[in-house]
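A short worksheet on the structure shown next.
The first residue in the sequence is number 1, and the count goes up from there. Just follow the structure's listing: the first ligand is 1, and inside any ligand the first atom is 1.
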Amino acid sequence: MLSNIDPARSNPIILPVDKIKDKYGRTFQTIRLSLLPLCNFECVYCKLDDGYSKIKVQKPEYFIEIIKKINKIIPIKKIHLTGGEPTLYPYLDEVILGLKSIDVKEISITTNGTLLLKQLFNLKKVGLNSINLSLDALDDMILKKMGTKKDIEFYKILIDEILNLKIPLKINSTIIKGYNDNQILPLLEYAGERKITIRFLEYMKMGIDDDLHKKRFFSMSEILNTIQMDYKIYELPREIHSTAYYWITNTNYKFGIIANHSKPFCMDCDRLRIDSSGKIYGCITQDKGIPVNSSDSDIQIQNKLKIALENKQLIFNGSNHKMHFIGG
Ligand code: SAM
């Protein structure tokens, strides 16, 4: 299949889609779009850096135009809307409508959920396909210590409502040693009883120094050991491009671990990241984004995508950015 050719150029060299790959066969198929770097939480692992209060929020057309151009060069299968906190973005439904109009099949949102309840019905109506809800504990004291601004009763009501509306849901829990590692089993049981897949995330070294990261890091094997204290577990085959490795317990609870440090998925990573200012990143470990504009020609977009692809690393090396900046 050939990408569209830029009519503005007399001698365009648009590559066939199957040639836009790196030497490991990696390409882009999914986008993580950070709608804004602002967040209403102060998570212990992702506190907002200074200087974001005056940030300019982009209009939905801005993102849609950029993605439309990228989609012409490399067809995009799925877009994850994230941030910062994407439900703070004032035009969330317009972005979803716009992305659907350019034929993006699957749109999901990663959210702390605080503003989701009143938006749920409308977001489903405009085409939101699934939700990844971040929830790091079931205990109110621990939620507070993690930087969460809502209590567990709020989350239980929200989760019931998402399930009532039959919107596919996953729970993400980032595990920090000494903070919420004692919540792994209660979270697994809560999610498992409701047939919700839960994913435990290893703490990624982003925007913090080595020592603090080492002190708070709770590894994939520690997560597995914790679960095996109460359950027998069976590993499931890994789907290509999946961020997580999955297991099932003897009680039929499905859980995953996103182990960027212990077992990175970089070798078949298909993600392209777009930050809230329109810069693209081929890799979460990349500090410097490549600015993309809606006025770029197809050739320019193609070249920028190729540079982003060349920046893809083979291993996660940490990042100077916090997750809320680059989009988690
Ligand atoms: N505000 C939204 C939310 O809370 O889901 C979206 C953005 S948040 C950065 C996305 C996810 O990244 C959350 O599940 C959060 O727990 C996770 N996260 C943030 N910083 C992290 C880190 N350093 N290591 C691992 N996960 C992290």
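Residue pairs meeting the salt bridge (Lys or Arg N to Asp or Glu O under 4.0 Å) criterion with at least one member in residues 132-141: none, sequence neighbours excluded.
Per-residue contacts place Thr82 under 4.0 angstrom from the following atoms of ligand 1 (heavy atoms of the residue considered): 6 (C), 7 (C). Remark: ligand 1 atoms within the under-4.0 Å shell around heavy atoms of Asn112 are 2 (C), 3 (C), 4 (O), 5 (O). Applying the 4.0 Å criterion to heavy atoms of Gly84 picks out, from ligand 1, the atoms 1 (N), 2 (C), 6 (C), 7 (C). Below 4.0 Å from some heavy atom of Glu202 lie the following atoms of ligand 1, by number and element: 24 (N), 25 (C). Counting atoms of ligand 1 from 1 in the listed order, those under 4.0 Å from a heavy atom of Leu201 are 26 (N). Under a 4.0 Å criterion applied to the non-hydrogen atoms of Gly83, ligand 1 contributes the atoms 7 (C), 9 (C).
For NZ of Lys78, the number of neighbouring non-hydrogen atoms (other residues, nucleotides, ligands) closer than 6.0 Å is greater than 12.
Not a single N or O atom of Tyr203, backbone or side chain, sits closer than 3.5 Å to an N or O atom of ligand 1. Polar contact with ligand 1: present for Thr174 (N/O pair, distance under 3.5 Å). For Cys39, no nitrogen or oxygen atom sits less than 3.5 Å from a nitrogen or oxygen atom of ligand 1, counting backbone and side chain alike.
At a threshold of 4.5 Å between non-hydrogen side-chain atoms, the residues Ile162 and Leu116 count as touching. No side-chain heavy atom of Ile301 sits under 4.5 Å from any side-chain heavy atom of Ile66.
The protein heavy-atom contact nearest to atom 18 (N) of ligand 1 is Tyr45 CE1, 3.7 Å. Annotation: atom 12 (O) of ligand 1 to nearest protein heavy atom, Met323 CG, 3.9 Å. The nearest protein atom to atom 4 (O) of ligand 1, hydrogens excluded, is given as Ser134 OG, 3.4 Å; this is a heavy-atom distance. Protein heavy atom nearest atom 24 (N) of ligand 1, with residue, atom name and distance: Met204 N, 2.8 Å. In terms of protein heavy-atom proximity, atom 2 (C) of ligand 1 is closest to Glu85 OE1, 3.2 Å.
For Asn132, no heavy-atom contact with ligand 1 is shorter than 4.0 Å. Counting heavy atoms closer than 4.0 Å to ligand 1, residue Thr110 contributes atoms from both its backbone and its side chain. No part of Lys205 comes within 4.0 Å of ligand 1, judged by heavy-atom distances.
Ring centers of Tyr231 and Tyr253: under 6.0 Å apart, within the cut-off.
Asn129 and Lys100 share a side-chain donor-acceptor pair at under 3.5 Å.
Under the 6.0 Å distance and 45° angle rule, Lys254 counts as a cation-pi partner of Tyr246. The cationic atom of Lys145 (NZ for Lys, CZ for Arg) lies less than 6.0 Å from the six-membered ring centre of Tyr179 and within 45° of the ring axis. Seen from the ring of Phe217, Lys214 does not count as a face-on cation partner, given the 6.0 Å and 45° thresholds. In this structure, Arg238 satisfies the cation-pi test against Tyr245, with its NZ or CZ atom closer than 6.0 Å to the six-membered ring centre and inside 45 degrees of the ring normal.
In the hydrophobic cluster analysis, where Ile, Leu, Val, Met, Phe, Trp and Tyr join through side-chain heavy atoms closer than 4.5 angstrom, Leu120 is grouped together with Tyr89.
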